**Q** 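Dropping a structure here in C-alpha cells format, bear with me for questions.
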Amino acid sequence: MRIGYPCINLGIGCKAAKTFRLKSYSEERLKQTVENNLSCLEQILKFNLTNNLFFFRITSDLIPFASHTINRFNWKDYYRSKFASIGVFIRKNRMRISMHPDQFTLINSLDETIFERSKKELYYHSKVLDLMELDASTKIQIHVGGVYGDKQKSIERFVDRFNNLEKSVKRRLVIENDDVSYTVSDCLQISDQIRVPILFDVFHHQINNSGPAKEAFELCAKSWDSERDGIPMVDYSSRNPSGSQRNHADSIDLKDFERFLVKSRPFDFDIMLEIKDKEKSAIKAINFAMRDIRVQEFLGSLC
DNA sequence: TCACGTCAAGCAGAT
DNA sequence: ATCTGCTTGACGTGA
C-alpha cells in the first residue's frame with residue numbers, strides 16, 4: 001500500500017502546473033513554462049520520497065496546450081532525456097504515478113469533434129508516461145462522461161469509442177465511478193465488455209451509490225489484472241463538514257481514514273488522497289498508516 | 001503592488 | 001439563465 005496526493009504540493013514553493021493564456025502563446029513561453037514544470041516535478045518527487053509518499057498524480061498542466069493545435073513544438077523529442085531521467089527516479093524508488101485528464105476529456109460525447117480532441121488529450125497523457133518509460137500499471141483515470149439523457153446508449157458509445165483508441169492509451173486507461181452520473185455498477189457494465197479496470201472512488205460512492213461500499217470495492221478490485229495493471233488504485237476523500245455535499249474536505253479526518261483502513265482489510269491497493277491541503281494531509285495519513293501491515297510490507301520491500 | 005475580469009475544452013445540478 | 005464543482009485558482013491587464 002502506497003499513499004499519495006494529486007498534482008500540487010502547497011509547501012514546496014513551486015508548482016508543476018504553471019500555465020499561461022492562449023493569447024500569450026509562444027514557443028519561448030512554452031519552453032520556459034515546461035522547464036519550470038519539469039524541474040518542479042522533480043522537486044516534488046524528491047519531497048515525496050523523503051516523506052514516504054510513494055504515490056503521486058502528475059498534473060495535466062505539465063505541458064500547457066499539449067494537445068492544442070496552436071502547439072507545433074516538438075516537446076517530446078526536446079525533453080526526451082529529462083522525461084527519461086524523471087522516469088528513472090520513479091522506477092528506482094518504486095513510486096506509482098497516475099494522471100487524471102480533466103472534465104473536458106469525454107470519450108462518449110455526442111459530438112465527434114469533442115471525441116477527437118479527447119483522443120489527442122489522452123494521447124498526450126500516455127506520451128508523457130511513455131517518455132518516462134513507466135509500465136502499464138501507471139494509469140490514466142477518467143470518468144465515463146456525460147449521460148446525454150440516455151445512459152444505456154451513452155455506455156454503448158463509450159465502449160465503441162474505447163475500441164477506437166490507440167493501444168498506448170488503452171493499456172493505461174481506467175474508469176472511475178463519479179459523484180453524479182456513473183456508479184460502480186455502471187462502470188462494471190463497461191468493464192465486463194472491454195476489460196478496463198475500475199478505480200474505486202470512496203467519496204463518490206458515498207454520494208452516488210449502487211450498493212454497499214465493501215461489495216462495490218471488491219468488484220472494482222477484481223477488475224484489475226495485478227500482473228499487468230498493478231494493485232488497484234483508490235481515490236479517498238471525506239466530505240467537507242461545513243461545505244456542500246460534493247465538497248472535498250479541507251484536511252484529513254483521521255478517524256474516518258482509520259475506519260476506511262480497517263474496513264478495507266485485507267485488500268492491498270494504493271490510495272490517492274483527494275484532500276484540499278494536499279501533502280499536509282498525505283503526511284498525516286502515511287504517519288498514521290505506518291501501523292498498517294500493508295504499508296509496512298511495501299516499505300519493507302524497498303531495500 | 002494590488003484589484004479584478006477572465007481563462008482551451010463540458011457536463012449536471014443547484015439557484 | 002447563470003453559477004458552481006470537478007483534481008487546482010491563477011494569469012495578465014490596468015491603475
Side-chain angles (χ1 to χ4, degrees), chain A residues 4-26 29-30 32-33 36-37 40-41 44 55-71 97-125 139-151 154 157-158 174 176-183 186 199 201-204 207-208 233-240 243-251 271-282:
Chain A
Y5 61 99
C7 305
I8 292 171
N9 181 307
L10 294 170
I12 204 170
C14 73
K15 288 204 159 71
K18 207 172 161 54
T19 185
F20 51 87
R21 296 282 171 260
L22 181 58
K23 267 201 330 206
S24 23
Y25 184 91
S26 73
R29 185 72 188 267
L30 180 73
Q32 262 175 31
T33 308
N36 169 84
N37 289 352
C40 185
L41 175 60
I44 292 172
F55 192 20
F56 185 65
R57 182 185 299 162
I58 294 178
T59 171
S60 298
D61 286 334
L62 192 69
I63 315 284
F65 304 104
S67 69
H68 194 281
T69 49
I70 200 171
N71 186 348
I97 295 295
S98 67
M99 292 186 88
H100 191 339
D102 63 31
Q103 60 272 28
F104 310 108
T105 304
L106 290 160
I107 288 182
N108 76 349
S109 174
L110 291 169
D111 182 341
E112 274 300 326
T113 64
I114 292 176
F115 174 55
E116 285 304 316
R117 276 205 298 271
S118 299
K119 271 210 287 201
K120 291 196 176 82
E121 183 71 358
L122 287 168
Y123 184 69
Y124 148 61
H125 284 78
K139 294 301 187 188
I140 299 170
Q141 63 187 91
I142 52 163
H143 297 293
V144 177
V147 173
Y148 311 102
D150 187 338
K151 192 183 266 185
S154 297
R157 207 164 42 251
F158 184 95
V174 303
E176 175 188 352
N177 57 304
D178 68 72
D179 53 351
V180 285
S181 305
Y182 292 91
T183 62
D186 295 329
L199 188 154
D201 187 308
V202 179
F203 183 50
H204 289 165
I207 303 170
N208 189 22
M233 304 190 320
V234 166
D235 280 357
Y236 168 86
S237 170
S238 54
R239 189 192 149 176
N240 180 345
S244 81
Q245 212 199 201
R246 294 177 70 197
N247 262 188
H248 288 240
D250 289 335
S251 73
I271 309 177
M272 182 62 64
L273 299 172
E274 294 187 331
I275 297 176
K276 294 214 186 287
D277 67 358
K278 303 289 179 184
E279 80 284 357
K280 231 166 141 183
S281 280

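Just so it is clear, the structure is predicted and the values come from calculations on it, not from any experiment. We name chains A, B, ... by the order of the sequence lines, and we start the count at 1 in each one. Basis for what follows: all heavy atoms, side chains included, without hydrogens, waters or symmetry-related copies.
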**Q** Taking atom P in both dA9(B) and dG12(C), what distance in whole Å separates the two?
**A**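 Going atom to atom, P in each nucleotide, I get 16 Å.
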**Q** Taking only the P atom of each, what is the distance from dC6(C) to dC2(B) in whole angstrom?
**A** 29 Å
**Q** If I pick the C1' atom on dT6(B) and the same atom on dC3(C), what distance separates them, to the nearest angstrom?
**A**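 Those two atoms are separated by 15 Å.
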**Q** Please list, chain by chain and in numerical order, all residues satisfying salt bridge (charged side-chain N to carboxylate O under 4.0 Å, His left out) with Asp235(A), sequence neighbours excluded.
**A**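 Testing Asp235(A) for salt bridge (charged side-chain N to carboxylate O under 4.0 Å, His left out), a comparison that skips the adjacent residues, returns Arg57(A).
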**Q** Within residues 98-108 of chain A, find the residues that approach DNA chain C with a heavy atom at under 4.0 Å, and present them sorted by residue number.
**A**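 Heavy-atom contacts with DNA chain C come from His100(A), Pro101(A), Asp102(A), Gln103(A).
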**Q** State the dot-bracket string of DNA chain B. Criteria: Watson-Crick or G-U wobble, both atom distances under 3.5 angstrom; notation: ( ) intrastrand, [ ] crossing earlier pairs, | interstrand, . unpaired.
**A** |||||||..||||||
**Q** Hey, does the side chain of Glu274(A) reach the backbone of Pro6(A) with a donor-acceptor pair shorter than 3.5 angstrom?
**A** no
**Q** Is Lys18(A) close enough to dC11(C) that one of its side-chain N or O atoms is under 4.0 Å from OP1 or OP2 there?
**A** yes
**Q** Could you measure between the two P atoms, the one in dG9(C) and the one in dG5(C), and give it in whole Å?
**A**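 Roughly 10 Å separates the two P atoms.
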**Q** Classify the nucleic acid contact of Ile114(A) as base, sugar-phosphate or nothing, counting any heavy atom under 4.0 Å across all strands shown.
**A** sugar-phosphate
**Q** Report all interatomic pairs (protein N or O, nucleotide N or O of nucleotides 12-15 of chain C) with separations under 3.5 Å.
**A**
{"from": "dG12(C)", "atom 1": "OP1", "to": "Arg21(A)", "atom 2": "N", "distance (Å)": "3.0"}
{"from": "dG12(C)", "atom 1": "OP1", "to": "Ser24(A)", "atom 2": "OG", "distance (Å)": "2.4"}
{"from": "dG12(C)", "atom 1": "OP2", "to": "Arg29(A)", "atom 2": "NH1", "distance (Å)": "3.4"}
{"from": "dG12(C)", "atom 1": "OP2", "to": "Arg29(A)", "atom 2": "NH2", "distance (Å)": "2.5"}

**Q** State whether the side chain of Tyr182(A) and the backbone N or O of Gly146(A) hold a donor-acceptor pair below 3.5 Å, judged by distance alone.
**A**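 Side chain of Tyr182(A) to backbone of Gly146(A): a pair is present.
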**Q** Which residues pass the side chain to side chain donor-acceptor pair (under 3.5 Å) test with Thr59(A), sequence neighbours left out?
**A** none
**Q** So, the side chain of Thr33(A) versus the backbone of Arg29(A): is there a donor-acceptor pair under 3.5 Å, distance only?
**A** yes
**Q** Excluding sequence neighbours, so at least two apart, what forms side chain to side chain donor-acceptor pair (under 3.5 Å) with Glu121(A)?
**A** Ser67(A)
**Q** Which pairs would a plain distance check flag for residues 12-23 of chain A, meaning a side-chain donor or acceptor within less than 3.5 Å of a matching protein atom at least two apart in sequence or in another chain?
**A**
none

**Q** Please list, in numerical order, the residues of residues 55-67 of chain A that have a heavy atom closer than 4.0 Å to any atom of DNA chain C.
**A** Arg57(A)
**Q** With sequence neighbours left out, write down each residue that passes side chain to side chain donor-acceptor pair (under 3.5 Å) with His143(A), or none if nothing qualifies.
**A** none
**Q** For side chain to side chain donor-acceptor pair (under 3.5 Å), just list the numbers for Ser109(A) and Asp111(A), CA-CA rounded to whole Å, side-chain angles, deciding distance to a tenth of an Å, and then say yes or no.
**A** CA-CA 5 Å; Ser109(A) 174; Asp111(A) 182 341; 5.5 Å; no
**Q** Could you pull out all residues at least two apart from Lys151(A) that satisfy salt bridge (charged side-chain N to carboxylate O under 4.0 Å, His left out)?
**A**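 Lys151(A) satisfies salt bridge (charged side-chain N to carboxylate O under 4.0 Å, His left out) with Asp186(A) only.
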**Q** Got a sec, which residues hit ring pair (Phe, Tyr, Trp, His ring centres under 6.0 Å) with Tyr236(A), two or more places apart in sequence or on another chain?
**A**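 Partners of Tyr236(A) under the ring pair (Phe, Tyr, Trp, His ring centres under 6.0 Å) test: Phe257(A), Phe260(A).
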**Q** What's the gap between dG10(B) and dC11(C) when it is taken at their P atoms, as a whole Å value?
**A**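 Per the computed distance, 22 Å lies between those P atoms.
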**Q** With sequence neighbours excluded, what pairs up with Arg157(A) under the salt bridge (charged side-chain N to carboxylate O under 4.0 Å, His left out) test?
**A** none
**Q** Under a 4.5 Å cut-off applied to non-hydrogen side-chain atoms, are Tyr124(A) and Leu62(A) in contact?
**A** yes
